[in-house]
Amino acid sequence: MPILYKSTRSDAPAVTASKAILKGLSPDGGLYVPTEMPKLSKPLEELAAMDYRELAYEIMSKFLCDFTEEELLSCIAAAYDSKFDTEKIAPLVKKDGAYYLELFHGSTIAFKDMALSILPHLMVTSARKNGVTNEIVILTATSGDTGKAAMAGFANVPGTRIIVFYPKGGVSNIQYLQMATQRGDNTHVVAINGNFDDAQTAVKKMFNDREMAAELASKGFQFSSANSINIGRLVPQIVYYVYAYCQMLAEGEIKAGDKINITVPTGNFGNILAAYYAKQMGLPVEKLICASNENKVLFDFFATGEYDRKRDFILTSSPSMDILISSNLERLIYKVAGEDSKANLAFMKSLTEKGEYEITPEMKANLADFYGGFATEQENYAGIRELYEKTGYVIDTHTGIGNAVYRRYAAKTGDRTPAVIASTASPYKFAVSVVGAIAPEMVEGRTDFELLDVLSEIAKMEEPAAITDIRTAPIRHRTVADPEAMPDAVRKILGVI
């Protein structure tokens with residue numbers, strides 16, 4: 001039976017993969033999940049002999065059942081090409097007893113490239129398959145990386161426009177410049193006077209606003225999403241966890257069937273959910289280590305079973321994780337609730353109305369695959385510095401959270417299972433903080449671009465093209481809005497007011 005996609009919030013009829021990708025969110029506000037989890041059907045040794053593109057087809061074809069072989073292979077070829085600066089696409093680097101899965105070799109030097117390089121092609125193919133003639137308007141809230149990666153993916157793609165909302169002052173200067181200088185006549189960026197959760201909540205409201213949808217449809221537009229709430233974002237992320245295991249197997253670091261642990265620095269929960277899905281497919285994974293920064297809402301959830309967003313929002317040096325409403329957690333809640341859409345809807349309603357919910361003891365028992373941890377700013381910096389001093393290897397502040405949490409987990413539990421740490425961004429995206437961790441005496445008095453030069457010297461790395469480009473690129477996007485004004489900002493951009 002082909003795999004279809006159902007909502008986490010109702011028993012509405014399931015839809016095809018292409019329709020789920022086009023919609024982004026279910027009409028009832030739920031997230032799409034597969035009607036069943038496909039299994040790895042080839043021996044791990046055979047998968048380990050595949051390159052990244054071949055493995056991507058092997059995994060994604062099991063989820064995207066209404067895509068023809070030709071369609072999916074075309075999407076994969078267009079996505080994983082020379083825009084990545086390494087043939088391996090996602091190389092694995094062993095340092096100080098852990099394996100760092102480098103997911104930052106794409107055009108915007110963050111892990112979002114891994115899925116957002118292919119999503120535009122999946123989206124356009126889905127539109128064609130479903131006879132869509134409206135222009136597709138991608139609405140995306142970003143805590144720093146998704147916005148740039150989504151714009152880079154959708155820039156000048158026919159039949160699409162993309163509007164990105166980000167928290168003004170809540171991203172690194174490099175992240176800001178990457179977005180503000182983005183080229184492409186169909187790309188638009190709006191800074192909001194608020195935090196990421198404000199932006200994400202307003203975007204979700206627009207998706208659920210039927211009057212606005214009808215208004216824009218009459219003008220030839222329809223919304224879709226590039227956030228990880230879109231199943232077309234989530235499925236490609238599963239691939240690189242399988243690929244990490246296959247690299248370890250091919251290099252003789254493990255034997256087929258040996259288990260590994262996976263540590264993921266986590267904000268919106270999509271990246272670690274993809275690792276969970278890989279385990280559900282049959283990848284031999286023991287623990288999924290969910291690493292939070294000081295906005296430790298997920299750590300508290302795994303510790304207590306209570307999700308409570310009613311807390312201070314903390315700006316950290318890992319801004320892409322500065323999130324209090326982890327949207328993709330809903331897919332896991334639905335799963336551990338026995339795929340009970342009514343129960344899940346009640347939890348999500350409580351989160352919206354009261355800012356919290358608490359799962360049952362039975363549901364909490366179903367979270368045994370996960371271990372929650374968090375690291376402070378000081379622990380993050382100390383871990384980055386220690387890894388550099390031991391090995392010369394430089395990681396960014398998000399990977400640093402994963403590194404610090406994993407090291408504490410291993411020391412506390414004595415678990416020596418081989419561990420993969422998702423390295424989610426290049427240190428160049430957060431040069432001020434990375435240099436501050438490794439050589440704080442070199443920070444004061446230097447500009448961000450001067451610190452990029454310092455980082456190149458420290459890390460003995462060539463500056464990525466993504467950084468070189470923004471040194472001289474003009475600022476193209478200057479729009480600022482309050483969260484409640486975001487719908488009118490969209491209307492103005494689309495020329496309907």
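Fair warning: this is a prediction, and the values are worked out from it, not measured in the lab. Atom set for the values below is all heavy atoms of this structure, side chains included, hydrogens, waters and symmetry mates excluded.
In this structure, Tyr80 has its ring center closer than 6.0 angstrom to the ring center of Tyr52.
For the atom pair CD (Glu286) and CG (Leu288), the distance works out to 9.5 Å, reported to the nearest 0.5 Å. Note that CZ of Arg161 and CG of Asp185 are 10.0 Å apart. Values are rounded to the nearest 0.5 Å.
Between the side chains of Ser320 and Gln175, at least one donor-acceptor pair of N or O atoms lies under 3.5 Å. For the residue pair Asn271/Tyr241, the side-chain donor-acceptor check at 3.5 Å is satisfied. No side-chain donor-acceptor contact under 3.5 Å links Asn380 and Asn293. A donor atom on one side chain and an acceptor atom on the other are found under 3.5 Å apart for Tyr100 and Asn403. For Ser318 and Thr316, the side-chain atoms include at least one donor-acceptor pair closer than 3.5 Å. For the residue pair Asp369/Tyr276, the side-chain donor-acceptor check at 3.5 Å is not satisfied.
Here the rule is side-chain hydrogen bond (donor to acceptor under 3.5 Å, both in side chains) with Asp145, and of His398, Lys112, Gln178, Lys429 only Lys429 fits it.
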**Asked** What do the steps show when you test Asp396 against Thr399 for side chain to side chain donor-acceptor pair (under 3.5 Å), and what is the final call?
**Response** CA-CA 5 Å; Asp396 88 295; Thr399 309; 2.6 Å; yes
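Relative to the ring axis of Tyr371, Lys287 does not place its NZ or CZ within 45° and under 6.0 Å from the centre. Under the 6.0 Å distance and 45° angle rule, Arg331 does not count as a cation-pi partner of Tyr32.
Between the side chain of Thr263 and the backbone N or O of Gly402 there is no donor-acceptor pair closer than 3.5 Å. In this structure, the side chain of Glu457 does not engage the main chain of Val454 through any donor-acceptor pair within 3.5 Å.
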